[in-house]
Amino acid sequence: MKADTRALAAKGLAEVALRGASLRDVMERSAPRLADPRDRALLMALLSEGARWWLRFDPAVDGLLEKSLRHKDPAVHALLVLGLVQLEILELADYAAVAATVEAVRALKRPQLAGLVNAVLRRWQLERESLLAKLDARPQTRHAHPAWLAAALARDWPLQAEAVMAADNAEPPLMLRVNRRRSTREALAARLQTAGYTATAHPWLSDALVLPHSSDVTRLPGFEDGLFAVQDGAAQAAADLADLHDDLRVLDACAAPGGKACHLLERADIDLTALEFDAPRAERIRQNLMRLRLDAKIVVGDAGAPKGWWKGRPFDRILLDAPCSASGVLRRRPDVRLHRRESDITAMHAQQRRLLSALWPLLAPGGRLLYVTCSVLRAENEAIVGELLAAQTDAQALAFTLPAGQPAALGWQILPGDGDLDGMYYAVLQKSR
């Protein structure tokens, strides 16, 4: 592997961790600069694991330096974090990891710091056990979670908090959702296996195939033909809970990038409106619909202000995948732990309440509203649903169970790692006739 791959990763990680850039955007911008697929794979691993473990190794790097490089040379600081990630997480050979990281300093045009980088990594190796013990003494650095989130997990899920944070730091499987309008799960699994990929049917999600490791999905057979989409199993449960049949009018509010909307369309012949506030994100819905050969009405508008887009005809089903902390999907979106702040949660509560209360009048009598978040925080989940039930006498929470997760005070909570799934909350609300 080339040293410039690590230099590119260091620049990208500095953008993500120190400047608030999106990990996905940095990956999409950086990967095309590397021609060799092996270099691209290393880049992705470094960026992903660097973001995942930043809160553990960022303070460790500061402790190994007399003067922090975080502001003076952010890319070199990030490179040192990646050096520790290579040694401790990716478990690359010590000599190769150190030598290649030192060489990357030169690619960053900081040759004068090569000796410092070498000395820092060598010191880590010499003092490894005592340094790791210090990091393990605090939940924030032990599990690489922000202190506020570690405290919230301990409060909301005292028996499961440690397991949740451990699951957040494990590599998730790659889960595909077979487009049943264009293929069968058995046929796609056979096609993948012929191409050398291991794909197994999920035990209880009827459209899901599981691959053990991440891959460039655009290179998988059937991608261009729209035979499948990438979607974690926890998100795939929405289609089952929606209780679909043909000819229903369905609203997917906050629909981008369109994964759940497409799944609903694959399940039944429905009249679906995909609503999205942000126009560029609405374009992603259109792209996904086109690739999967599906059709829906895409509307750009605010779900919390229906007067701007609703024509007055009620919907039989409403899916509200509400904006939330994303605290349930840290294993797939490790940069969320770097960007989310405790102060964000209050604003999200207000948004969730606003959206749910605005959409409830749009539901037809006897209809079903599915409230979903990818959060594990009770205040974003059963607390919001409870407020609606208290305010709306025609609202009833339906009881249900899923093979993974546990009942919440209202609805159902899948915690990260339950059934090897992402964290997801569901509540099913029915309007009286």
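Below, each value reflects all heavy atoms present in this structure, side chains not excepted, and no hydrogens, waters or symmetry copies. All values derive from a computational prediction rather than experimental measurement. Residue numbers count from 1 along this sequence.
Ring geometry for W412 against F400 counts as tilted: the plane angle lies between 30° and 60°, on a 0 to 90° scale. Using cut-offs of 30° and 60° on the angle between ring planes, the pair F57 and W124 is perpendicular.
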- Message: Using salt bridge (Lys or Arg N to Asp or Glu O under 4.0 Å), reason through R181 and D269 one step at a time and then give a plain yes or no.
- Response: CA-CA 11 Å; R181 290 190 178 273; D269 292 325; 2.7 Å; yes
- Item | Stepwise side chain to side chain contact (heavy atoms under 4.5 Å, CB included) test for L241 and L402 | CA-CA 10 Å; L241 296 174; L402 294 172; 4.3 Å; yes
- Item | N169 vs R337, side chain to side chain donor-acceptor pair (under 3.5 Å): CA-CA, chis, key distance, verdict | CA-CA 11 Å; N169 291 330; R337 68 185 78 192; 2.8 Å; yes
- Message: Applying side chain to side chain contact (heavy atoms under 4.5 Å, CB included) to L18 and W54, what does each step give before you reach the verdict?
- Response: CA-CA 10 Å; L18 300 176; W54 179 271; 3.8 Å; yes
- Starting from the C-alpha separation in whole Å, work towards a yes-or-no answer on salt bridge (Lys or Arg N to Asp or Glu O under 4.0 Å) for D4 and R33. CA-CA 10 Å; D4 61 337; R33 299 176 61 182; over 6 Å; no
- Message: Using the rule given for side chain to side chain contact (heavy atoms under 4.5 Å, CB included), can you reason through E276 versus R284, listing the C-alpha separation, both sets of side-chain angles and the distance that settles it, and then say yes or no?
- Response: CA-CA 10 Å; E276 174 55 43; R284 291 186 61 197; over 6 Å; no
- Please test E162 against R142 for salt bridge (Lys or Arg N to Asp or Glu O under 4.0 Å), starting from the C-alpha separation and ending with a verdict. CA-CA 10 Å; E162 289 283 321; R142 181 167 67 252; 3.0 Å; yes
- Residues E266, R177; criterion salt bridge (Lys or Arg N to Asp or Glu O under 4.0 Å); working and verdict: CA-CA 10 Å; E266 292 162 7; R177 186 193 74 240; 2.9 Å; yes
- Tell me, with the steps shown, if V16 and H339 meet side chain to side chain contact (heavy atoms under 4.5 Å, CB included). CA-CA 9 Å; V16 172; H339 300 156; 4.1 Å; yes
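With rounding to the nearest 0.5 angstrom, the CG atom of L47 is 7.5 Å from the CG atom of L82. Distance check, rounded to the nearest 0.5 Å: CG of L265 to CG of L292 gives 9.5 Å. Separation of atoms CG (D321) and CE (M424) is listed at 6.5 Å; rounding is to 0.5 Å. Atoms CG and CG, from N288 and L294 in turn, are 9.5 Å apart once rounded to the nearest 0.5 Å. Rounded to the nearest 0.5 angstrom, D252 CG and L320 CG are separated by 9.0 Å. Residue I384 holds its CD1 atom at 14.0 Å from CZ of R378, rounded to the nearest 0.5 Å.
Residues R180 and S206 have side chains that bring a donor and an acceptor to within less than 3.5 angstrom of each other. Side-chain atoms of Q125 and R128 form no donor-acceptor pair, as typed in the model, at a separation below 3.5 Å. For the residue pair S325 and S327, a side-chain donor N or O sits within less than 3.5 Å of a side-chain acceptor on the partner. Using a 3.5 Å distance cut-off with no hydrogens or angles, the side chains of D418 and Q413 do not pair a donor with an acceptor.
Of the possible donor and acceptor atoms, none in the side chain of R331 sits under 3.5 Å from a partner among the backbone N and O of G328. Panel note: side chain D36, backbone R38; a donor-acceptor pair is recorded below 3.5 Å. Counting only distance, with no hydrogens or angles, the side chain of N179 and the backbone of G226 share a donor-acceptor pair below 3.5 Å. When atom types are taken as modelled, the side chain of Q236 and the backbone of Q231 share a donor-acceptor pair closer than 3.5 angstrom. R40 places a side-chain N or O within 3.5 Å of a backbone atom of L34 that can act as its donor or acceptor partner. Between the R281 side chain and the A256 main chain, a donor and an acceptor come within less than 3.5 Å of each other. Side-chain atoms of R293 come within 3.5 Å of backbone N or O of R291 as a donor-acceptor pair. Put simply, the side chain of D302 never gets that close to the backbone of F277: no donor and acceptor are under 3.5 Å apart. Using modelled atom types, no side-chain atom of W157 and backbone atom of L415 make a donor-acceptor pair closer than 3.5 Å. At distances below 3.5 Å, not a single donor-acceptor pair connects side-chain atoms of Y426 with backbone N or O atoms of L370.
Within the 4.5 Å cutoff, the side chain of V26 has heavy atoms near those of the R29 side chain. Looking at D62 and H77, their side chains come closer than 4.5 Å, going by heavy atoms from C-beta outward. Taking 4.5 Å as the limit, some side-chain heavy atom of L65 sits within range of a side-chain heavy atom of L116. Side-chain contact between Y425 and L410 is present, with at least one heavy-atom pair separated by less than 4.5 Å. Using a 4.5 Å heavy-atom cutoff, the side chains of V164 and D168 are in contact.
Taking 4.0 Å as the cut-off between side-chain N and carboxylate O, D271 and R249 count as a salt-bridged pair.
The two residues L363 and L429 come nearest to each other via the heavy atoms CD2-O, 4.5 Å. Between L149 and L330, the shortest heavy-atom contact is CD2-CD1, 3.7 Å. The two residues L192 and A199 come nearest to each other via the heavy atoms CD1-CB, 3.9 Å. Across every non-hydrogen atom of V85 and G50, the tightest pair is CG2-CA, 4.2 Å. What you find for A97 and L87 is that their closest heavy atoms are CB-CD2, 3.9 Å. Contact record, L174 with S214: CB-CA, 4.3 Å, taken as the closest heavy-atom pair.
Each of D94, L90, I89 was checked for a side-chain contact (heavy atoms from CB on, under 4.5 Å) with L92, and the lone residue meeting it is L90.
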